[in-house]
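See structure below.
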Amino acid sequence: MATYSDPFSALLALQRALDSRISSGWLARSPSGMGGYPPINIFQQGENLVAIVELPGVERRNLQIEAKENTIRIHGSKEVTFPKEVSVHRRERSVGAFDRTISLPIPVNADAIRAEYNEGILALFLPPAESAKPRNIEIS
Amino acid sequence: MNQQEIQTQQKREVEGRQESINAARSFVPPTDIFEDDHALIVVMEIPGIQRDNVDVRVENNVLTLEARLDYAKYQGLKPVYTEYNVGNYARSFELSGKINQDAIRAELADGVMTLTLPKTESAKPRRISIS
């Protein structure tokens, strides 16, 4: 398992590790839902999967997450409002509705999914379903 | 509500005039800038950055934001599928107007940094009455 404890090269090592998995085939056979937003990174943490989604500036009430078997749907809307009577010089932040569905290669225990939204990052902790956990086989 | 669908923006890397001493990559935060009579407001998206890791300053009329990612959070996480990279954020803007540097306010909420840069009295617009 990769560790990032050496402060000198840690961030670079993390960036390389992320790069090496860019659009890996892991989700390739699954329908990617209706749109590509928001971008999702998926990690393994022990036996759990962790999906980390960058969603800066989305209010919790505008963010919905649904899970069914191995399918996760993230949908909602991102609003950016400008006060009246201002002149706008630059507009780079994206706004609008998003709806994305991903199908994981393994079934997850939908009842045990935990979601956290902090600092504009949505983290979904996805425990595998009992049926997907490995079993020790006794040799008779 | 019929909103348009968001397109994923590719993260833009910082291309400095000088190379940084740090080999790791930094990204440019998407930014909105607007102004009213009293202040210039700069809104930057820096998801995943904690309050204590952001440095904002104005020097010689240049506004600079630097934000450091706390990558310790990724400890023990093994990437299996990725669509974006993470890193520090950095961006500078040259300001045209005069800013009251002592009164700059910064707020960070849900990964969005809002900087309010009040204008100095001399930079505020004056209504000229016609006699």
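Chain letters run A, B, ... following the sequence lines, proteins first and then strands; every chain starts at 1.
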Given a strict heavy-atom distance threshold of 4.5 Å, which part of [X] is in contact with chain B: side chain, backbone, both, or neither?
X	value
A:Glu85	backbone
A:Val58	backbone
A:Val88	both

Taking B:Ser26 for its side chain and B:Ala90 for its backbone only, find out whether a donor-acceptor pair lies under 3.5 Å.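 Checked: no pair found.
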Treating B:Glu35 as the side-chain partner and B:Leu40 as the backbone partner, does any N or O pair qualify as donor plus acceptor under 3.5 Å? no
Got a sec: does the CD of B:Gln9 have more than 12 other heavy atoms crowding it under 6.0 Å? yes
Ring-ring centroid check A:Phe43 B:Tyr81, cutoff 6.0 Å: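 For A:Phe43 and B:Tyr81, the ring centres are not under 6.0 Å apart.
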Heavy-atom pairs under 4.5 Å with chain A: which of B:Pro30, B:Ala109, B:Pro29, B:Gly87 has the most?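 Of B:Pro30, B:Ala109, B:Pro29, B:Gly87, B:Pro30 has the most heavy-atom pairs under 4.5 Å with chain A.
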May I ask you to name which of B:Leu108, B:Asp37, B:Val42, B:Val43 has the most heavy-atom pairs under 4.5 Å with chain A?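 That would be B:Val43.
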Are B:Arg68 and B:Asp52 close enough for a salt bridge, meaning some N to O gap below 4.0 Å? no
What part of B:Gln50 gets closer than 4.5 Å to chain A, counting heavy atoms only: side chain, backbone, both or neither?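 Contact with chain A is through both the backbone and side chain of B:Gln50.
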